[in-house]
Amino acid sequence: MVSTNPRRPSFLLYLLLTLLIALMSVSGPAAADVGGLSAIKVVTTDEGTQEYSVTLQILALMTAFTFIPAMLMMMTSFTRIIIVFSILRQAMGLQQTPNNQIIIGLTLFLTFFIMSPVLNTANEQALQPYLAEEITLQEAAAKAGEPFREFMLGQIREEDMGLFIRLAGDEGQYEKAEDVPYSILLPSFVTSELKTAFQIGFMIFIPFLIIDMVVASVLMAMGMMMLSPMIISLPFKIMLFVLVDGWSLIMGTLAASFGV
């Protein structure tokens with residue numbers, strides 16, 4: 001069935017621009033009378049599109065910066081990586097090592113590595129043409145969203161997307177996955193990332209759990225029930241992790257899970 005809803009390539013920046021335009025439509029005439037805000041204006045071109053002054057564009061970009069943390073966590077590989085690292089630390093029995101700052105920093109750098117093809121595409125298709133004044137800000141925002149859309153679609157499970165399409169009441173309205181709006185795409189992506197992260201974390205947890213069980217059984221057989229198995233198993237788990245070059249395996253697995 002052909003989609004009856006037009007595709008919404010809005011992206012977060014486009015939403016901000018819409019709000020700003022609505023605000024300026026109310027306060028625009030008064031500002032024009034004062035004459036002190038002449039740099040804040042919206043010009044309608046001959047083609048029917050609208051162009052925004054540099055002041056409005058800067059204001060929109062500065063406002064969009066507040067969404068960067070949410071975009072980093074919800075539209076990139078950040079969520080999967082940090083959950084896996086957290087489960088790894090828990091499985092090894094290390095409550096504070098590596099500490100949260102190190103885990104977040106490691107997650108950020110690995111996220112930038114995995115997302116570099118997406119960021120490069122967005123830079124070439126959106127940012128550089130916009131800086132060269134070849135496209136408008138709205139077009140740049142739409143083009144910048146395309147690589148992220150493609151990345152997220154590559155990680156989303158069909159059942160997760162189908163769930164949110166049903167919840168939105170849009171069943172049968174999208175002929176292709178590319179037609180799905182961001183309001184459905186983002187929660188579908190996050191749900192799929194959580195599932196994948198816990199699946200990887202489960203596989204990581206198993207060998208450390210086996211070591212804990214073996215150590216606990218040996219201590220019980222020796223009658224040393226007053227000695228905590230965690231104290232004895234911790235060095236063995238660290239030794240196992242080092243011998244198998246665990247950090248390289250974990251990072252390589254995470255990168256490979258995104259097709260890098």
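Interatomic distance, Ile165 CD1 to Ile184 CD1, rounded to the nearest 0.5 Å: 5.5 Å. The CD atom of Gln128 lies 14.0 Å from the NZ atom of Lys143; values are rounded to the nearest 0.5 Å. With rounding to the nearest 0.5 angstrom, the CZ atom of Phe208 is 6.0 Å from the CG atom of Leu240. Taken from OG in Ser188 to CG in Leu163, the straight-line distance is 7.5 Å, to the nearest 0.5 Å. Summarising the geometry, atom CD1 belonging to Ile104 is positioned 5.0 Å from atom CD1 belonging to Ile82; distances are rounded to the nearest 0.5 Å. One finds the CG atom of Asp160 at 11.5 Å from the CG atom of Leu185 (value rounded to the nearest 0.5 Å).
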Kindly indicate, with the supporting measurements, whether the criterion side chain to side chain contact (heavy atoms under 4.5 Å, CB included) is fulfilled by Ile83 and Glu193. CA-CA 10 Å; Ile83 290 177; Glu193 286 295 282; over 6 Å; no

List the steps and the verdict of side chain to side chain contact (heavy atoms under 4.5 Å, CB included) for Leu106 and Met251. CA-CA 10 Å; Leu106 187 61; Met251 293 184 187; 3.3 Å; yes

Take Lys195 and Thr191, measure what side chain to side chain contact (heavy atoms under 4.5 Å, CB included) needs, and give me the verdict at the end. CA-CA 6 Å; Lys195 287 184 179 180; Thr191 303; 4.3 Å; yes

Between Leu119 and Phe148, is a side chain to side chain contact (heavy atoms under 4.5 Å, CB included) present by the stated rule, with each step listed? CA-CA 8 Å; Leu119 296 175; Phe148 287 92; 3.8 Å; yes

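At distances below 3.5 Å, at least one donor-acceptor pair connects side-chain atoms of Ser192 with backbone N or O atoms of Arg157. Of the possible donor and acceptor atoms, none in the side chain of Arg80 sits under 3.5 Å from a partner among the backbone N and O of Thr196.
Listed by chain and number, the residues in a side-chain contact (heavy atoms from CB on, under 4.5 Å) with Ile238 are Met92, Leu94, Leu234, Val242 (sequence neighbours excluded). By the side-chain contact (heavy atoms from CB on, under 4.5 Å) test, Glu134 pairs with Pro129, Ala132, sequence neighbours left out.
Aromatic ring pairs are classed by plane angle as parallel below 30°, tilted from 30° to 60° and perpendicular above 60°; the pair Phe258 and Phe151 is parallel.
Using a 4.5 Å heavy-atom threshold, the side chains of Leu88 and Phe241 count as touching. In this structure, the side chains of Ile87 and Phe198 come closer than 4.5 Å at one or more pairs of heavy atoms. Counting heavy atoms from C-beta on, the side chains of Leu186 and Met152 come closer than 4.5 Å. Contact check for Leu153 versus Met161: side-chain heavy atoms found under the 4.5 Å cut-off. Two residues are said to be in side-chain contact when any heavy atoms from C-beta on lie closer than 4.5 Å; Phe236 and Ile232 meet this criterion. Proximity of Phe113 to Leu108: side-chain heavy atoms (C-beta onward) are nowhere separated by under 4.5 Å. With a 4.5 Å cut-off on side-chain heavy atoms, Pro98 and Phe85 do not count as touching.
Across all their heavy atoms, Met74 and Phe189 have their closest contact at O-CD2, 3.1 Å. Across all their heavy atoms, Ser77 and Met115 have their closest contact at N-SD, 3.9 Å. Across every non-hydrogen atom of Ala255 and Ile114, the tightest pair is CA-CD1, 4.0 Å. Taking each heavy atom of Ala126 and Ala144 in turn, the nearest pair found is CB-N, 3.5 Å. The two residues Arg149 and Tyr182 make their nearest non-hydrogen contact at NH2-CE1, 3.6 Å. Minimum heavy-atom separation, Thr111 to Thr107: OG1-O, 2.6 Å.
No path of Ile, Leu, Val, Met, Phe, Trp and Tyr side chains, each step under 4.5 Å between heavy atoms, connects Ile231 with Val218, placing them in separate hydrophobic clusters. The cluster map of Ile, Leu, Val, Met, Phe, Trp and Tyr, joined by side-chain heavy atoms under 4.5 Å apart, puts Phe109 and Val118 in different clusters. Using a 4.5 Å cut-off between side-chain heavy atoms of Ile, Leu, Val, Met, Phe, Trp and Tyr, with links allowed through other members, Ile250 and Ile102 fall into different hydrophobic clusters. In terms of hydrophobic clustering, with Ile, Leu, Val, Met, Phe, Trp and Tyr side chains grouped at heavy-atom distances under 4.5 Å, Met230 and Leu219 are assigned to different clusters.
Side-chain N/O atoms of Asn99 and Arg89 include no donor and acceptor closer than 3.5 Å.
Residue Glu150 qualifies as open at atom CD: its count of foreign heavy atoms under 6.0 Å is 12 or below.
Within the structure, every pair that satisfies the salt bridge (charged side-chain N to carboxylate O under 4.0 Å, His left out) test and touches residues 212-226, not counting sequence neighbours, is listed here: Asp212-Lys237.
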